[in-house]
Novice: 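Can you read through this structure? Questions will come right after.
Because the structure is a prediction, the values reported are computed rather than measured. A note on names: the letters A, B, ... follow the listed sequences, proteins ahead of strands, and every chain is numbered from 1.
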Number of protein chains: 2
Amino acid sequence: MSENEKKVPTVVVKRLPRYYRYLGELLKQDIKRISSNALSVKMNVTASQIRQDFNYFGGFGQQGYGYNVEHLYNEIGDILGLNDGDTTVIVGAGNLGRALASHDTFEKRGFKLVGIFDNDINIIGTKINGIEVMSIDKLEEFLNSHRVDIGILTVPKAAVMETAEKLVNCGVKGLMNFSYTELKFDKDVAVENVHLSDPLMTLSYKIKQNQN
Amino acid sequence: MSENEKKVPTVVVKRLPRYYRYLGELLKQDIKRISSNALSVKMNVTASQIRQDFNYFGGFGQQGYGYNVEHLYNEIGDILGLNDGDTTVIVGAGNLGRALASHDTFEKRGFKLVGIFDNDINIIGTKINGIEVMSIDKLEEFLNSHRVDIGILTVPKAAVMETAEKLVNCGVKGLMNFSYTELKFDKDVAVENVHLSDPLMTLSYKIKQNQN
DNA sequence: TAGATTGTTAATCGATTAACAATC
DNA sequence: TAGATTGTTAATCGATTAACAATC
C-alpha cells in the first residue's frame, strides 16, 4: 500500500459484499445506472455513506449521472478479488461440509472448489457435487501438487488446529473456519471464523427486546 | 425499556455471543474467575472495552477480584435470552437445512428444533436428527398448534418471501434467513440475514491485500 | 491493611452524516 | 444552459480507550 492511500477501514470492507449483492440484483433487472440516493433507499443506508465508501477506492461515479451499475459491480468484484480465480478445498465432509460443497453461490462468486477431504472411510470415494471426497491422508500431497488459495474448515473442533496448520504450511493463504474455535495466524494468513449460532443468539436477544 | 436505561448499541450486542463462547470455554476448563485484563488478552480486545460492554447491563464483577466465570456466563446467557426455551422450525430441508438441523450447537445454546418442513415428496417423511420432515402444506397447521419462536429459512430465494410471511402471520417472532435475499419486516419481527458467501468474499479481499 | 481490579467519567479516536463546490 | 449528482471537506456523532477513584 503506497504512502498516500489511506487504509480502508474494516467496517467498509465488510460492507462491500452487500453492495455487490445489491448491484448484482440491479444488473439482473437490467438497470443501467443508479444514484447514491436511489441505492441508499434500497439498501437502507445513507447516500453519504455510499459515496464515502466508494471513494476509498477512487470515484466510480459521474456527477449528474450517478453510477453505472455494471461498471460498479465489476469494480467491487475486482476489489474483493473475485476475479482472481481463487481455488478452495473443503476439509470435513460432514453435513455442513457437504452443504457448502453444494452451495452454488460460492462458485457464482468466482471461487473454484477443487477438493473435498474427510477421514471417514464410508465417505471417502463418494461424490459431492461431482467432486470425489479424498482421504485426509492425501491432503498434503494434494496441496503440494495443486494451487489452493482458500481452505474451508468444517472438521470437528478437535481436528481444526492440526488441519489448519497443514493447510497453511502447504501455502494456503486464507482459511474460512466453521469449527467451534477461533483460529488466528500471523497476519500473512487471512482467517474468517464463522459461528453459525452467533446470529441465532443475536436474534434471540432481539426477540427478547421486542417482548418488552 | 425504562427512561434511564440507555439503549445498548448493536455493536455491543453483537459481541455478546463471542463473550459467551469464551466464557463457556473457561467454564469447561474449570476456571472460576477472570479479570477483564486476562480476558482481554485471550480475546484480543481491550480490557476497557470488556468492562464498558458489561456495564451496559450492570456490573457483574467485583473490585479486586474480577468476574466469576460461571455467574458472568449465566448472566450473558440470560441477556441473550438463551434460557427462554425458544423453539425453532427449519423450512427447507436441502443440504443447508439438513446441516443446520444436525448442528448441535443450536441445541446447546438452548434452542429447541420442533419441526422441519420441505416440499420435496422424496424428503417428506424422512428423519433428520430424529425429526420427521413434514410437508410444507402442513406448516400453517403446525404453527397454529405449536408455539414456534424462530423460523430458520433455508428455502430457495423464490420461496422465501412467501414462507417468511406465513411464519410471521402465524406468530413467529424471529427469522434467521439463509436465502439469497434480505428480509425485512416491521420492527416487531426480528430478522437476521445470513449470507455465507460474504465472509468468503471478505477473505478473498484480505488475501489480495496480503499479496501486495 | 495493601494490592488488585472493577465501575465509571473523561479524552481520544474513528466513523457517519451533512453540506456544498465541482462538474457532468 | 439548467439540473442532477458526484467527490470531498467539514461537522457531528458514537464508540473505543485511558485514567482513576471507589471498593473488594
Side-chain angles (χ1 to χ4, degrees), chain A residues 1 3-19 22-23 26 31-76 79 202 205, chain B residues 1 3-19 22-23 26 31-76 79 202 205:
Chain A
M1 192 164 49
E3 272 309 299
N4 53 354
E5 278 173 41
K6 41 190 168 180
K7 171 151 179 20
V8 182
T10 314
V11 70
V12 174
V13 175
K14 289 258 177 69
R15 281 198 289 261
L16 292 179
R18 187 157 182 263
Y19 288 126
Y22 272 86
L23 290 164
L26 292 174
I31 293 167
K32 304 294 184 206
R33 64 170 171 128
I34 193 155
S35 69
S36 57
N37 199 62
L39 189 58
S40 79
V41 172
K42 273 190 200 294
M43 296 187 63
N44 207 14
V45 296
T46 63
S48 213
Q49 181 169 82
I50 290 175
R51 295 203 297 277
Q52 285 279 22
D53 283 356
F54 293 169
N55 260 82
Y56 276 103
F57 308 98
F60 299 134
Q62 197 166 61
Q63 281 101 328
Y65 173 88
Y67 299 87
N68 177 292
V69 173
E70 190 174 3
H71 177 239
L72 186 54
Y73 179 79
N74 290 331
E75 287 287 346
I76 295 177
I79 293 163
T202 314
Y205 176 88
Chain B
M1 193 162 51
E3 272 308 298
N4 53 353
E5 276 173 42
K6 41 189 166 182
K7 171 149 180 20
V8 182
T10 314
V11 71
V12 174
V13 174
K14 289 258 175 70
R15 282 198 290 261
L16 292 179
R18 187 158 182 261
Y19 288 126
Y22 272 86
L23 289 165
L26 292 173
I31 294 168
K32 303 295 184 206
R33 65 170 171 128
I34 193 154
S35 67
S36 58
N37 200 63
L39 188 59
S40 80
V41 172
K42 272 188 199 295
M43 296 187 62
N44 206 13
V45 295
T46 63
S48 213
Q49 182 168 80
I50 290 175
R51 294 203 297 276
Q52 285 279 23
D53 283 356
F54 292 169
N55 259 81
Y56 276 104
F57 308 98
F60 299 135
Q62 198 167 61
Q63 281 102 327
Y65 174 88
Y67 298 88
N68 176 291
V69 174
E70 190 174 2
H71 177 239
L72 185 54
Y73 178 80
N74 290 331
E75 287 287 346
I76 295 177
I79 293 164
T202 314
Y205 176 88

Novice: How many Å lie between CG on B/N37 and P on D/dT17, as a whole number?
Specialist: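 Taking atom P of D/dT17 as the reference, CG of B/N37 is at 13 Å.
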Novice: Quickly work out the B/Y56 OH to D/dA15 P distance and round it to whole Å.
Specialist: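 Result: 6 Å.
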Novice: Does a side-chain N or O from A/Y67 land closer than 4.0 Å to OP1 or OP2 of D/dG7, or not?
Specialist: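 Result: yes.
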Novice: When we call it a touch if two heavy atoms are under 4.0 Å apart, what does B/S48 touch: a base, just sugar-phosphate, or nothing?
Specialist: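 Base, at least one base atom sits under 4.0 Å.
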Novice: Measure CG/B/L72 against P/C/dT5 and give the value in whole Å, please.
Specialist: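 It is 16 Å, rounded to the nearest whole Å.
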Novice: Measuring from the side chain of A/Q52 (C-beta onward, heavy atoms only), which nucleotide among D/dA10, D/dA18, C/dG7 has the closest atom?
Specialist: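 The closest nucleotide is D/dA10.
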Novice: Expressed in angstrom and rounded to an integer, what is the separation of A/F60 atom CZ from C/dC24 atom P?
Specialist: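 Rounding to the nearest Å, CZ of A/F60 and P of C/dC24 are 17 Å apart.
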Novice: Round to the nearest Å and state the distance from A/Q62 atom CD to D/dG3 atom C1'.
Specialist: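 Computing the A/Q62:CD to D/dG3:C1' distance gives 15 Å.
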Novice: Please give the nucleotide sitting opposite D/dG3 as a Watson-Crick or G-U wobble pair, both distances under 3.5 Å, or none.
Specialist: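 The base-pairing partner of D/dG3, which may sit in any strand shown, is C/dC24.
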Novice: So B/F54, base contact, sugar-phosphate only, or nothing? Heavy-atom distance under 4.0 Å.
Specialist: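 No contact at all - B/F54 keeps every heavy atom at 4.0 Å or more from the nucleic acid.
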Novice: I'd like to check A/F54 versus A/E75 (side-chain heavy atoms, cut-off strictly below 4.5 Å). Are they in contact?
Specialist: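 No, their side chains stay 4.5 Å or more apart.
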Novice: Tell which nucleotide pairs with C/dT8, taking only Watson-Crick or G-U wobble pairs whose two distances are both under 3.5 angstrom.
Specialist: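 Its partner is D/dA19.
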Novice: Is there a side-chain polar atom (N or O) of B/R51 under 4.0 Å from OP1 or OP2 of C/dT6?
Specialist: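 Checking B/R51 against C/dT6: at least one side-chain N or O falls below 4.0 Å of OP1 or OP2.
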Novice: Of B/S35 and A/T46, whose nearest nucleotide on DNA chain C comes first from the 5' end?
Specialist: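 Closer to the 5' end of DNA chain C: B/S35.
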Novice: Flag the pair B/V45 / B/R15 as yes when at least one side-chain heavy-atom distance between them is below 4.5 Å, and no otherwise.
Specialist: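 Side chain of B/V45 against side chain of B/R15, heavy atoms only: no contact under 4.5 Å found.
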Novice: So do A/Y19 and A/I50 actually touch side chain to side chain, heavy atoms under 4.5 Å?
Specialist: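 They are in contact (side-chain heavy atoms under 4.5 Å apart), so the answer is yes.
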Novice: Separation of B/Y65 atom OH from C/dG7 atom C1', in whole Å?
Specialist: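 About 17 Å, once rounded to whole Å.
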Novice: Quick one: sort the A/F57 and B/Y205 rings into parallel, tilted or perpendicular, breaks at 30° and 60°.
Specialist: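 Because their plane-to-plane angle is over 60°, the rings of A/F57 and B/Y205 count as perpendicular.
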Novice: Keeping A/R51 on the side-chain end and A/G61 on the backbone end, is there a donor-acceptor pair under 3.5 Å?
Specialist: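 No, A/R51 side chain to A/G61 backbone: no donor-acceptor pair under 3.5 Å.
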Novice: Rounded to the Å, how far apart are A/N55 CG and C/dT23 C1'?
Specialist: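 To the nearest whole Å, that distance equals 14 Å.
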Novice: In whole angstrom, what separates B/I50's CD1 from D/dT16's P?
Specialist: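 These atoms are roughly 12 Å apart.
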Novice: Verify the contact: side-chain N or O of A/R33 to OP1 or OP2 of D/dT6, cut-off strictly under 4.0 Å; return yes or no.
Specialist: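 Answer no for this pair, as no side-chain N or O of A/R33 is under 4.0 Å from OP1 or OP2.
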Novice: At under 4.0 Å, does any side-chain N or O of A/S36 touch on OP1 or OP2 of D/dT5?
Specialist: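 So the side-chain polar atoms of A/S36 never come under 4.0 Å of the phosphate oxygens OP1 or OP2 of D/dT5.
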Novice: D/dT23, C/dA18, C/dT23: which one has an atom nearest the side-chain heavy atoms of A/Q63?
Specialist: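 Among D/dT23, C/dA18, C/dT23, the one nearest the side chain of A/Q63 is C/dT23.
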